[in-house]
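Let me begin by presenting the structure, written as structure tokens, before commenting on it.
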Amino acid sequence: MTMQTPTKPAKKPVGPIRGFFKGISSLLKGMGVTFKYFVHPSTVVTQQYPENRETLKMPDRARIRLSMPHDENGYHKCTGCHICEDACPNRSITVVDRKNATTKRQEIDHFIWRMDSCTFCNLCVVVCPFTALKMHGDFENSVYDRRLLIYNLNRYAGPAAPALAKIEDPEERKRNIDERGVYSGLIPMNGSAIAGVRACGKPPESEKVRVTEDDIKGESP
Amino acid sequence: MTIAIRTLEDLTRPSATPDSPLATQEYFVNMGPQHPSTHGVLKLLLKLDGETVREVIPVLGYVHRGMEKVGEHLGYRQFVHMSDRMDYLSALMNNWAVSRAVETAMKIETNERIETIRTIMAELQRIQSHQLWWGVFGMDLGAFTPFLYGFRDREHVTDILEKTTGARLTMNYIQPGGLMFDLHPDFQKEVKEFIAYFRPKLKEYETLFSENVIVHKRVKGVGVLDAKTAISIGTTGPVLRASGVDYDLRKREPYGMYSKVKFEVALGTTGDTWDRYQVRIEEMKQSLSIIEQLIDNIPEGKTMLMKPGAKIKPPEGISYSHMETARGVLGIMLVSDGKDHRPYRIHLRTPNYNNIWSITHTAPGWRIADLVAILSSLDIVVPDMDR
Amino acid sequence: METQVLSSAVLAIDSKAQLRDKTDRLTVTIPVEALFTFLSKLNTDSSLAFDMLCAHTAIDWIAEQRFEMVYELYSTTHSHAMRVTTSVPRENTVVPSVSSLWRIAEWQEREVYDMFGILYENHPDLRRVLLDDGWQGFPLRKDYKDDYLLERPE
Amino acid sequence: MNETTVWQVKTIAQRAQEALPDSVWLSAGYIALGLVGAGAFVALLGMVLIYAERKIAAHFQCRMGPMRVGWHGILQSIADTLKLLLKEDIVPENADKLLHLIAPFLCLLGALLTIAVLPMSPTLQVADVNIGVLYISAVSGLGVLGLLVAGWSSNNKWSLIGAMRAGAQIVSYELSATLALLVVVLLSGTLQLSKIVESQAQGWWIWRAHGVGIVSFIIFLIASVAEINRTPFDIAEGESELTAGFHTEYSGMRFAFFFLAEFINMFIVSAVCSTLFLGGWMPFHIGNLAGFNGIMDLIPPGLWFAGKTSFIIFLIMWFRWTFPRLRVDQLMKLEWKLLLPIGFVNLFAAAVIVLYNLYFFPK
């Protein structure tokens, strides 16, 4: 294979005197580059982060936090089918399901997502056949205790939105649904289990109910 | 026959006291794992004679995460996102390498749209990686400003990639059988803007740094790696090409759309640090031209050919496929027993693990400052080395 | 070189070499006794000139009680590639070192020793590379166990 | 000679001496003013220079620099000082404790002593030693002692390498710096700094002496940048090579002293440079253009000095944020094979100029 060699064009050897002045001029040229930026403050690229909160917009596809969108009625689309749980490479998702008392069908009880072990690979979102999950760009998630990074994503336990829509009586619908905010039970962590960890529900986007650290301190041994 | 297993201690016994009182005694210094120019947690055990390096012993494994063992426990699709975490500066190329390995094993043909997008993404990532390298190289030579200029320009690529892939570093975008998402509608426009922005910046890189007489003094003729040794000692990528070996998998075994675009393989002549520098600068230019050729010609088509939830179960046997990442050849050896949806064994031949050893050949005889320059010119990423 | 020509040329080197079928590239299996001479022929023969050792690793076939050693070779002058495999029993894992043929083998073999406990004859510097010198066991063996190993739940 | 160019030079030491017959206390007060003033000046200057360096560096690099503490981060240096004061002062276990503790002070001492003789304006000078130039080149050499002691006492190989580099580098470059200073001494015929300034009333030495001044100015600038260990000659710290060189093992306030000493040294070399080559506090005059010279005289001499010094400080910072670092052997080559011979030739040329009185605007 013959190919040109773009690097290293043959150069004539430079004499010491010319080399000296060439060297000096190369240094001055370099100083010119930096000076150009010095006198043009418009080239500054620094973002002043907490001040620019209003204008800072994350891309639509930003994969920073997993959420389960709830529609205007407050219904989600999760059926508790465990597909996302299987797809998760490091078991950050635990789906706790239950049997509906009347329909005898499987439905979601708790959807637990561990942000502390999540790698944000997006596979759960991709594999979900009901598009019940979504990644969004809310990046201010820092907490002082890693247990606060365990989220319960569904706000109610019960059938998914399409199944609920079939039930016409609002009272009947209400009876099928149990409120869910937090989860306190076993949370498998890569094969082992930590008992007594309280999961913290953080409703996506709109209502930000954050469990404070006092809540955790009160309950942990 | 008994085979002696050595330990690091065996190598670091202090040398005998010198015969003449004027001769200096050689001594050992740990360079790393916490050292500004070992780019993470690489440790180099140096045997020094004053300022001169006599021997370099790389000590690896500070970020060893057992990727290959983990790989035996993950599905093929799940393993793709692990590859992000090896060479995080060419995450998309690693994704592609794993996906291509799976596709080769499964004998899946992808369409042109997927391959074109993959090629553009890979080249963007190559530029991004080299931008960061350029900055870091400058910093290792003692100039701090190139570091920030490199990062400033890298930010543009990162923003473009983030818009489409949703992540800035560990993208997990290229999947076996296609892509995770389609392109973002703004992608083509932004890439064109970036090319227009970056061309003049590359010239500026040269005025600021490449033409600087101090840089020439520091890197020309330093750390020469001749072609024969370079091949034998396992280097690939820009390091090997700087030694004048025309080995670029994009040309040799074209994958993606590389057979359909025009580009030149940047080659060095002597294999010194300056050549490695020049090769990478030239590669950025070539990548820009590759992207330019492809960006307006993205054909229509599906972007995912497999059901995202489908289990992948390749037929029994070994399959090896490799690909040119920003640092060299990433080879993925998949061994399937044909029964499980997880690989029986996955071997990762990473470019950095094979490149780093060349420093034991090139650095001795040079000074500490040169060692830093040579190490930087290898463009190491430690997690890729340690897996 | 065409694959056909190459395979006949390679097989002509040693009568014990066997061609494997159903592989993604030319694969030759050779007994471990003949491995070193075979590989050195591949390296030095000017018509073959496999000057690049792309990858070297082992596979633990625990059901068959053997390790399969894999050498991925490539020739930069002739642009052809092949794979050489050999088997060693799990009880006696001694393989000749090829670090005199390809310098990178020295470190690739160290990695294989580190992960599989394969011992290499005539290796210049056989010690662990990624793991600590005092590490017990060889993690990539299928029967490896340690106290911190988490089993992934099915 | 124009009326306005006659300057009344009066140092604080002179004032103390004059006050002595009248009142011992006034004299003591002047001495205290000199001491405290110099100390406070050093502390304040350090903070200002660190802030300036950070801001200038930021704008060279398309950044903003400190923006949080105060308006545009103007109080950042105070916050940093507070932080460094409160930080734990770690002494390595096997270090030579005494030497490890005094090294930073040795470093700062050299800097402090030099401040005393700098003529910042006709009335603002602590002491006017009649061998000023000699004194400066002697005292500024003290700094290297601090670096060597710091590197040696830390009991760290990186520190030791850094200290040895610093020693070799500073001692070599002092030769060139002194040669360059000698040129000015030859031209002005005095070692006293205030006299040197006054001798430049007709024109600054940098351009009054047929190029000899410029050459020695450049030599002095390069040599002094090397002497104060700044990029492109910062091999003693060599962040990417030696982690932090001689001060690897220092933390808290002791580290701050090294830092302060570095910045004060930068100020000193700039001040010496402007005093010797750019006329110190002397305003910029052009020949007999009385009107122009009159306007220039309106600017107070202290401001002239500050402006010239700031310009050279900016130049040194500009070097730092543009250039990579030289290798240790290249550094030595530059000194012994390039700067020193040029310095000697330059000195010879200066002697010729003085002998035959070939200045521009001769007396």
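Throughout, protein chains are lettered first and strands after them, A, B, ... in sequence-line order, and every chain is numbered starting at 1. Model, not experiment: these values are computed from the prediction.
No more than 12 heavy-atom neighbours from other residues, nucleotides or ligands sit within 6.0 angstrom of CD1 on A:I17. Within 6.0 Å of atom OH in A:Y49, more than 12 heavy atoms from other residues, nucleotides or ligands are found, so the atom counts as buried in its surroundings. Other residues, nucleotides and ligands contribute at most 12 non-hydrogen atoms within 6.0 Å of the NZ atom of D:K87. Annotation: A:H40, atom NE2; neighbour count of heavy atoms from other residues, nucleotides and ligands within 6.0 Å does not exceed 12. Open room surrounds CZ on D:F311; 12 or fewer heavy atoms of other groups in view lie less than 6.0 Å from it.
Taking 4.5 Å as the heavy-atom cut-off, the residues of residues 26-35 of chain A that approach chain D are A:L27, A:G30, A:M31, A:T34, A:F35, ordered by number.
Counting only heavy atoms from C-beta outward, the side chains of A:Q48 and D:R68 approach each other to under 4.5 Å. No side-chain heavy atom of D:W321 sits less than 4.5 Å from a side-chain heavy atom of A:Y37.
For residues 173-183 of chain D, every residue pair satisfying the side chain to side chain donor-acceptor pair (under 3.5 Å) rule, not counting sequence neighbours, is listed here: D:S176-D:E335.
The aromatic rings of D:F314 and A:F38 are tilted relative to each other, their planes meeting at an angle between 30° and 60°.
The parts of D:F60 that come within reach of chain A are both its backbone and its side chain, each placing non-hydrogen atoms under 4.5 angstrom from that chain. In this structure, chain A has a heavy atom under 4.5 Å from the side chain of D:L338, while its backbone stays farther away.
Residues D:R63 and A:T46 come closest through the heavy atom pair CA-OG1, 3.2 Å.
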